[in-house]
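What follows is a short report on a single structure.
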Amino acid sequence: MKFKILIALLLFSSYIKAQNLNIIPQPRSVNIGAGQFVLNNHSAIGVSDTSLTVLAGYFQKEVSKAKGLTIAVNNNHEAGLINLELVNTPQIAGGYLLKVAPDCITISSQNKEGVFYGLTTLLQLVKGQSAGSNGDLALPVCEITDAPRYPWRGLMLDESRHFFGKEKVKQLLDWMAYYKLNKFHWHLTDVQGWRIEIKKYPKLTSVGGAGDYSDTLTEAKYYTQDDIREIVAYAASRFITVVPEIDMPGHATAANKAYPEFTGGSVAGYPNFTFNPSNEHTYDYLADIIKETNALFPARMIHLGGDEVALGVKAWSLDTAIARMMQKKNFEGVDELERYFFKRMADTVTSLGSKILAWDEATGTNLPADKIIIFWWRQNLPGQLHLALQKNYQVVLCPRLPLYFDFVQDSGHISGRKWNGVFNRVTDVYNFPDRQIPPDELSSKLIIGVQANIWTEKIASEKRLDFMLFPRIAGLAEAGWTAPELKNEMSFNERLKAALKDYDSAGIYYYNPFDPSYHPEAIDFESTIKTRGFQKYSHRHHHTSKRSYAKISKKRSKFQKSYAVSKEPSRKRK
């Protein structure tokens, strides 16, 4: 038995050496050859097409930042020791071939996206090598053939609860690019704050942008339209599509604070949570917002939310104008009214030539299958996934378990959420979706990808944001990119251990699953039981436990200001 274990360990060690090269996500094919390519200040990048020059410049800057080497960029394809080529060979979008020979390196792809990902892989190889005494880097001769598993490999950041700003968002985009993630879902509006400038309605930011989850009196924080354009362009240069979320008809409190004439009324715990569906001006108002938003994002996709409306919809039942509207249109209940509202706003999006994105509550609508993408977040309601596929809706998998990164990641952590005692470890993220989704559904071509969501009720500092994101972002990368038959968790763990050095070099305060004491939990807000406190509404797919409400103390944290207690609904996304 001991002999068999020894053989297995030797074989695994050989596999790690020959195949992994500490690349995350694991490529489709890695073949190691004999010899080395020496990268130094005399190296140059040549391009076969001038459109690739900007990609060469990106690599040039990243190598300089990581290793201090100065690599020239040459538009003459024959002059480079590192050659970037566009070829006619049919490939999946993002697929590439990377060849490292003793005398040159070649990256080829049918598309620029593939060339970029080839450069990203090469950058990981560069960062994984130690420089010699003269500063030269020796890269192993190898041939890597690669392509993504899913076209949608996403990360969502909630900036309504707490605002992080341009520089932090750009840093997240850099790490997304490094791990070949390609969709940045930007949650910009919610109960606690409106974070996107709408010129026709300036009070959305000046009034609705004031306050956040932990301090209702903080000054207005938001992104100007110029900021948005800057970030969208920054993301595009890294082949990341930015998708905005403008939440409706629920999660509308910040907007209603700015323009109360459009509120759908209040209920205990959720004041002004919805827009008013009986006021015709509401639809014009939201259409104006959608039009300005759509003009800022070339993605031609807008996420309309559509979740947890029931938290505030009781107010509709108590409003006489809404009751008259329902009677006039022969609506049998508020659910039918909600679908009517969502359909009208969805029609506005499609009239602009854009696609509607929505949380899985929208599966109950009858929107055209070619116009909508459903985000399945409620892992406790697998029927929603089944129904979406049955309706031929494209689906992005982002269930709370294991893809909510505001959930704790270790049994010893005290700040963050769990689902009936279950939390989200990096191993759970890595093994998604194959261990959770039935094979017959997972094989559907309608499943277009995976996404992790970071809700920020308990995340106010960059330090805690990093702690919750790293290293689970690496597991997410592998879940979205690597073919299931190539996944090997022992291999991943070895590569992840090497990746921790990258985090150290970048000053990232991360959770170390191999040594949990390495970085103590970064805590912005610590939960305690209190006999009194004021209620604050939350939302977004949270469901911390089977209890409907959690009382959280108002306490000064090590990193941030005081945190006011929140009343959390029994289910929540954020």
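Stacking of Lys112 on the aromatic ring of Phe239 is not recorded, the 6.0 Å distance cut-off and the 45° axial limit not both being met. Arg195 forms no cation-pi arrangement with Tyr222, by the criterion of a distance under 6.0 Å to the ring centre and an angle within 45° of the ring axis.
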Practice task
Might you work through the ring-ring contact (aromatic ring centres under 6.0 Å, His included) test for Tyr285 and Tyr259, ending with a clear yes or no?
Solution key: CA-CA 10 Å; Tyr285 163 65; Tyr259 293 94; 5.8 Å; yes

Practice task
Begin with the C-alpha distance, continue with both residues' side-chain angles, and end with the deciding distance and a verdict on side chain to side chain contact (heavy atoms under 4.5 Å, CB included) for Val349 and Ile290.
Solution key: CA-CA 7 Å; Val349 173; Ile290 287 171; 3.9 Å; yes

Exercise for the section: Assess whether side chain to side chain contact (heavy atoms under 4.5 Å, CB included) is satisfied between Ile447 and Tyr150, documenting all intermediate values. Expected result: CA-CA 8 Å; Ile447 293 179; Tyr150 289 122; 4.1 Å; yes

Problem - Chi angles and distances behind the ring-ring contact (aromatic ring centres under 6.0 Å, His included) call for Phe262, Phe275 - result: CA-CA 6 Å; Phe262 301 115; Phe275 292 112; 7.9 Å; no

Exercise for the section: List the steps, then state whether side chain to side chain contact (heavy atoms under 4.5 Å, CB included) holds for Val395 with Leu385. Expected result: CA-CA 8 Å; Val395 176; Leu385 173 59; 3.7 Å; yes

Exercise for the section: Tell me, with the steps shown, if Leu123 and Leu119 meet side chain to side chain contact (heavy atoms under 4.5 Å, CB included). Expected result: CA-CA 6 Å; Leu123 179 62; Leu119 283 169; over 6 Å; no

Practice task
Could you walk me through whether Asp174 and Arg238 pass salt bridge (charged side-chain N to carboxylate O under 4.0 Å, His left out), step by step?
Solution key: CA-CA 8 Å; Asp174 285 340; Arg238 288 150 178 76; 2.8 Å; yes

Problem - Candidate pair Trp376 and Tyr393, rule ring-ring contact (aromatic ring centres under 6.0 Å, His included), full reasoning - result: CA-CA 11 Å; Trp376 180 65; Tyr393 290 161; over 10 Å; no

Problem - Candidate pair Tyr503 and His519, rule ring-ring contact (aromatic ring centres under 6.0 Å, His included), full reasoning - result: CA-CA 12 Å; Tyr503 305 159; His519 282 150; 9.8 Å; no

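Contact check on Arg425 versus Asp428 returns a salt bridge, with a Lys/Arg side-chain nitrogen under 4.0 Å from an Asp/Glu carboxylate oxygen. Between Lys487 and Glu478 there is no salt bridge, since no side-chain N of the basic residue sits under 4.0 Å from a carboxylate O of the acidic one. With respect to Lys221 and Glu219, no salt bridge is recorded, no charged nitrogen being found less than 4.0 Å from a carboxylate O. Using a 4.0 Å cut-off between charged nitrogen and carboxylate oxygen, Lys170 and Glu230 count as a salt-bridge pair.
Using a 4.5 Å heavy-atom threshold, the side chains of Gln394 and Ile374 count as separate. By the 4.5 Å heavy-atom criterion applied to side chains, Leu286 and Met248 are counted as neighbours. Contact annotation: the side chain of Ile448 never approaches that of Lys183 to less than 4.5 Å [non-hydrogen atoms, C-beta and beyond]. By the 4.5 Å heavy-atom criterion applied to side chains, Gln451 and Trp377 are not counted as neighbours. Side-chain contact between Ser415 and Lys458 is present, with at least one heavy-atom pair separated by less than 4.5 Å. In this structure, Lys355 and Ile372 have side chains that are not in contact, with every pair of non-hydrogen atoms separated by 4.5 Å or more. Using a 4.5 Å heavy-atom threshold, the side chains of Met301 and Thr241 count as touching.
Judged purely by atom type and a 3.5 angstrom limit, Asp360 has no side-chain atom pairing as donor or acceptor with the backbone of Gln384. With hydrogens and angles ignored, the 3.5 Å screen pairs a side-chain donor or acceptor of Glu361 with a backbone N or O of Glu308. In this structure, Asn294 contributes its side chain and Lys291 its backbone to no donor-acceptor pair below 3.5 Å. With hydrogens and angles disregarded, a donor-acceptor distance shorter than 3.5 Å links the side chain of Arg464 to the backbone of Ala522. Formation of a donor-acceptor pair under 3.5 Å by the Lys257 side chain with backbone atoms of Ala210 is found in this model. Checking side-chain atoms of Asp406 against main-chain N and O of Gly416 turns up no donor-acceptor pair under 3.5 Å. No donor-acceptor distance shorter than 3.5 angstrom exists from the side chain of Asn512 to the backbone of Tyr518, with no hydrogens or angles considered. No donor-acceptor distance shorter than 3.5 angstrom exists from the side chain of Thr216 to the backbone of Asp212, with no hydrogens or angles considered. Between the side chain of Asn272 and the backbone N or O of Ala252, no donor-acceptor pair lies under 3.5 Å. Remark: the backbone N or O of Arg400 is paired with a side-chain donor or acceptor of Asn424 at under 3.5 angstrom.
Going from atom CG of Leu204 over to atom OG1 of Thr189 covers 9.0 Å, rounded to the nearest 0.5 Å. Interatomic distance, Lys463 NZ to Ile523 CD1, rounded to the nearest 0.5 Å: 10.5 Å. Expressed to the nearest 0.5 Å, how far CG of Asn22 lies from CG of Asp502 amounts to 9.0 Å. The SG atom of Cys398 sits 10.0 Å away from atom CH2 of Trp152, with the distance rounded to the nearest 0.5 Å. The distance from the CZ atom of Phe432 to the CG atom of Leu401 is 10.0 Å, given to the nearest 0.5 Å. To the nearest 0.5 angstrom, Glu245 atom CD is 5.0 Å from His303 atom NE2.
Residues Ala362 and Phe342 share a closest heavy-atom pair of CB-CE2, 4.0 Å. The heavy-atom pair separating Val422 from Phe407 by the smallest distance is O-CD2, 4.0 Å. Nearest approach of Tyr179 to Pro25, heavy atoms of both residues: O-CD, 3.7 Å. What you find for Asn111 and Gly94 is that their closest heavy atoms are OD1-N, 3.2 Å.
Ring geometry for Trp186 against Phe297 counts as perpendicular: the plane angle is over 60°, on a 0 to 90° scale with 30° as the lower cut.
Among Glu457, Glu159, Arg161, the one residue that satisfies the side-chain hydrogen bond (donor to acceptor under 3.5 Å, both in side chains) test with Gln192 is Arg161. Checking Tyr96, Tyr58, Tyr178 one by one against Phe116, the ring-ring contact (aromatic ring centres under 6.0 Å, His included) holds for a single residue, Tyr58.
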